[in-house]
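Notes follow once the structure below has been shown.
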Amino acid sequence: KRETKGAVPAETRTRIAQLEESEKRYRSIFENSAVAITVADANARIVSWNKFTEKLFNMGIENLYLKPVSSLYPEEEWKKIRSLDIRKTNIPQYLETVMLKNDGSFIDVEISISVLKDTAGKVTGSIGVIRDISERKHTERILKDKARRSEVIFKLLQRLAPDVSANDMLDLIVDAAKTTVIADTASIILMQEEQEQDLKIVASKSSDEKIGSSILQPSLDEIGRASC
């Protein structure tokens with residue numbers, strides 16, 4: 001079939017339709033992604049973002065449009081990112097950092113930063129893909145704190161009875177507490193208040209009524225000396 005003079009060739013129309021469909025598909029992924037995605041211009045100002053970005057930072061268009069990327073980071077974190085010189089090295093970077101929400105609170109994130117360039121190789125901006133890892137970091141801090149507390153208890157028990165294993169000493173202390181206050185259960189708890197740590201025993205009857213607490217209250221300095 002002959003093409004009418006001035007008409008767009010069928011092959012070109014097909015290519016345009018494919019490009020439009022591809023754009024719709026990527027736009028849908030961009031908008032509905034469960035991570036925050038931001039696009040910054042050559043001056044490191046935000047010019048585009050997806051819905052999750054607004055949710056993550058609790059910001060709207062009036063907060064985000066042309067907002068300097070640097071203002072989303074605490075000063076020290078932004079210095080670390082700038083030191084990577086991503087726009088010059090042109091190497092995508094994946095890192096964990098801290099960002100600022102609209103109310104000034106901190107949020108732990110994992111971010112991927114890639115540079116955008118035109119056909120001449122000139123930097124036109126960057127894309128940031130930001131994942132909220134606050135829950136994971138919170139869990140890591142809890143586990144780290146538990147490990148530290150266990151280490152403190154172990155060092156204290158070594159100081160009290162170096163020839164008795166830590167597990168045996170814990171069993172002896174718990175059994176003694178249950179016998180002393182006529183309790184069904186007893187637990188050893190390491191409690192922290194400001195810069196002081198107290199090792200306490202809490203005993204209770206089957207009614208869950210706490211009937212005793214006591215005993216060893218070493219300071220951090222004492223624990224440090226005991227471990228030397």
Side-chain angles (χ1 to χ4, degrees), residues 22-118 122-153 189-198 220:
S22 179
E23 183 180 352
K24 288 180 182 178
R25 185 164 57 250
Y26 284 110
R27 172 58 61 176
S28 178
I29 294 172
F30 178 80
E31 288 295 345
N32 298 297
S33 177
V35 296
I37 304 174
T38 61
V39 180
D41 63 15
N43 296 313
R45 298 175 303 178
I46 297 174
V47 293
S48 183
W49 60 90
N50 65 347
K51 294 176 182 177
F52 197 83
T53 301
E54 297 184 1
K55 179 180 178 181
L56 181 63
F57 295 106
N58 192 25
M59 296 180 183
I61 186 171
E62 68 281 1
N63 307 115
L64 288 167
Y65 185 60
L66 295 182
K67 184 179 183 68
V69 174
S70 59
S71 64
L72 288 174
Y73 297 88
E75 185 177 351
E76 287 304 311
E77 291 299 312
W78 179 244
K79 286 180 180 178
K80 291 178 185 178
I81 292 174
R82 293 295 290 176
S83 68
L84 298 174
D85 213 2
I86 299 171
R87 294 196 172 197
K88 286 187 178 180
T89 61
N90 198 31
I91 300 175
Q93 295 290 332
Y94 304 89
L95 62 149
E96 292 184 3
T97 184
V98 176
M99 299 185 77
L100 295 169
K101 299 181 73 171
N102 195 36
D103 60 3
S105 60
F106 299 118
I107 179 171
D108 292 303
V109 300
E110 181 180 75
I111 184 169
S112 166
I113 305 173
S114 300
V115 176
L116 297 174
K117 292 186 176 183
D118 60 18
K122 182 180 179 181
V123 174
T124 59
S126 61
I127 295 179
V129 179
I130 307 160
R131 187 183 304 276
D132 181 1
I133 59 170
S134 297
E135 186 174 340
R136 191 188 86 196
K137 298 300 285 187
H138 177 66
T139 300
E140 288 177 359
R141 284 190 284 267
I142 290 176
L143 293 175
K144 184 177 180 180
D145 184 61
K146 285 183 177 180
R148 181 185 58 80
R149 288 168 180 260
S150 297
E151 183 181 3
V152 170
I153 292 175
I189 302 174
L190 184 64
M191 306 180 71
Q192 181 163 331
E193 192 169 323
E194 295 182 352
Q195 296 301 313
E196 292 294 319
Q197 287 185 328
D198 295 334
L220 290 172

Between K117 and T124 the two heavy atoms that sit nearest each other are N-OG1, 3.9 Å
Q.
Salt bridge check, R136 against E140: does any charged N sit closer than 4.0 Å to a carboxylate O?
A. yes
- Query: Does a side-chain heavy-atom distance below 4.5 Å link I61 with W49?
  - Reply: yes
Here the pair of heavy atoms bringing V98 nearest to Y73 is O-CD2, 3.6 Å
Margin query: Other residues, nucleotides and ligands only: do more than 12 of their heavy atoms fall within 6.0 Å of CD on E75?
Written below: no
query: Tell me, do I113 and I81 make a side-chain contact under 4.5 Å, heavy atoms counted?
result: yes
Between G60 and E54, the two heavy atoms sitting closest are CA-CD, 4.4 Å
Interatomic distance, CD@Q93 vs CG@D85, rounded to 0.5 Å, equals 10.0 Å
I127 and I37 have their tightest heavy-atom pair at CG2-CG2, 4.1 Å
Exercise. Kindly indicate whether the side chain of L72, heavy atoms from C-beta on, has any atom under 4.5 Å from the side chain of T38.
Key: no
Please examine the side chains of N58 and D103, heavy atoms only from C-beta on, and report whether any two atoms are closer than 4.5 Å. no
The reported gap from OG in S70 to CD in E77 (rounded to nearest 0.5 angstrom) is 13.5 Å
* Taking C-beta and beyond as the side chain, do P74 and F106 meet within less than 4.5 Å on heavy atoms? -> yes
Answer yes or no: are there more than 12 heavy-atom neighbours, outside R141 itself, under 6.0 Å from its atom CZ? yes
message = Would you say that T97 contacts I111 through its side chain, given a criterion of any heavy-atom pair below 4.5 Å between the two side chains?
response = yes
Legend entry - Heavy-atom check, side chain of E96 versus side chain of I133, under 4.5 Å: yes
Of all heavy-atom pairs linking K101 and M59, the shortest is C-CE, 4.1 Å
Would you say that I130 contacts F57 through its side chain, given a criterion of any heavy-atom pair below 4.5 Å between the two side chains?
yes
Closest non-hydrogen atoms of A36 and L56, given as atom of the first, atom of the second and distance, are CB-CD2, 3.8 Å
Here the gap from T53 atom OG1 to E31 atom CD, rounded to the nearest 0.5 Å, amounts to 9.0 Å
Original post:
Does the side chain to side chain contact (heavy atoms under 4.5 Å, CB included) test come out yes or no for V39 and I46, once each step is laid out?
Top reply: CA-CA 6 Å; V39 180; I46 297 174; over 6 Å; no
Review point. Salt bridge or not for D41 and R45, using N-O below 4.0 Å?
Key: yes
